[in-house]
Peer 1: 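Below you will find the structure I want to go over with you.
Throughout, numbering of the chain's residues begins at 1 and tracks the sequence. Read the numbers this way: they start at 1 and go in the same order the structure lists the ligands and their atoms.
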Amino acid sequence: MPKLLPIVVLASGNGSNFQALIDAIREGKLAAEIRGLITDNVQAPALERARRAGIPSHVAIPDGDRTAYAQQLQSILDPIAPALICLAGFMRILAPSFIAAYRGRIMNIHPSLLPQFPGLHAVAQALAAGARETGCTVHWVDEGIDTGPIILQERVPILAGDTVVSLTERIHTAEHRIYPEAMRHCLESIIAKK
Ligand code: GRF
């Protein structure tokens, strides 16, 4: 039995990507154990997903500036010493001190083919631009907004008559494939370096 690497997921909302990671681990596809969910939203459905999966959850509401919030998050994360921190719809910009503390260990998923359409409302941006395809990207997190090195992408065609709702749904399906797959690559490279 390979050693399971500890990971922590940060999510603000529904948490369907969090669920995709839970499911992939349950199916034995990832040598990882989710040791915690951190959310900034007491009403996040992700909390119920954590409860059902028996994953400890932490609600961390900002009470100060970004640097103070980084310290708040670090006080939860440091005792766990996660090999990877996975942002899955976490709607906050993290302080440079946080990025520095966990550099090369923070992953994010974004609903476009980065570097196209970074930031908020990426699906609406793609539709407004008249793009013929968009997709999703798993990338490392650096100090920029959705600028870190790309780990994995999947293309999603934009169909005639697509709306934000229909396109978001197809992008989510792709996201649920690539997030576990990207994590598998990253875990393998961590294990290979040990
Ligand atoms: C996803 O589209 C992800 O790309 C973006 O936020 C959304 C989160 O969805 N960063 P969910 O909460 O995982 O369902």
Peer 1: Which residues pass the side chain to side chain contact (heavy atoms under 4.5 Å, CB included) test with Pro118, sequence neighbours left out?
Peer 2: Leu114, Asp146

Peer 1: Quick one: ring pair (Phe, Tyr, Trp, His ring centres under 6.0 Å) partners of Phe98, sequence neighbours excluded?
Peer 2: Tyr102

Peer 1: Could you please provide the protein residues found below 4.0 Å of ligand 1 on a heavy-atom basis, arranged by chain and number?
Peer 2: Asn14, Gly15, Ser16, Asn17, Gly89, Ile109, His110, Pro111, His172, Glu175

Peer 1: Under the side-chain hydrogen bond (donor to acceptor under 3.5 Å, both in side chains) rule, what do Ser12 and Asn41 come out as? Steps first, then yes or no, please.
Peer 2: CA-CA 6 Å; Ser12 300; Asn41 173 11; over 6 Å; no

Peer 1: Does Arg103 pair with Glu143 as a salt bridge, N-O distance under 4.0 Å?
Peer 2: yes

Peer 1: Using side-chain heavy atoms (C-beta onward) and a distance below 4.5 Å, is Leu37 in contact with Leu10?
Peer 2: no

Peer 1: Can you list everything that forms a salt bridge (Lys or Arg N to Asp or Glu O under 4.0 Å) with Glu48? Sequence neighbours excluded, please.
Peer 2: Arg51, Arg52

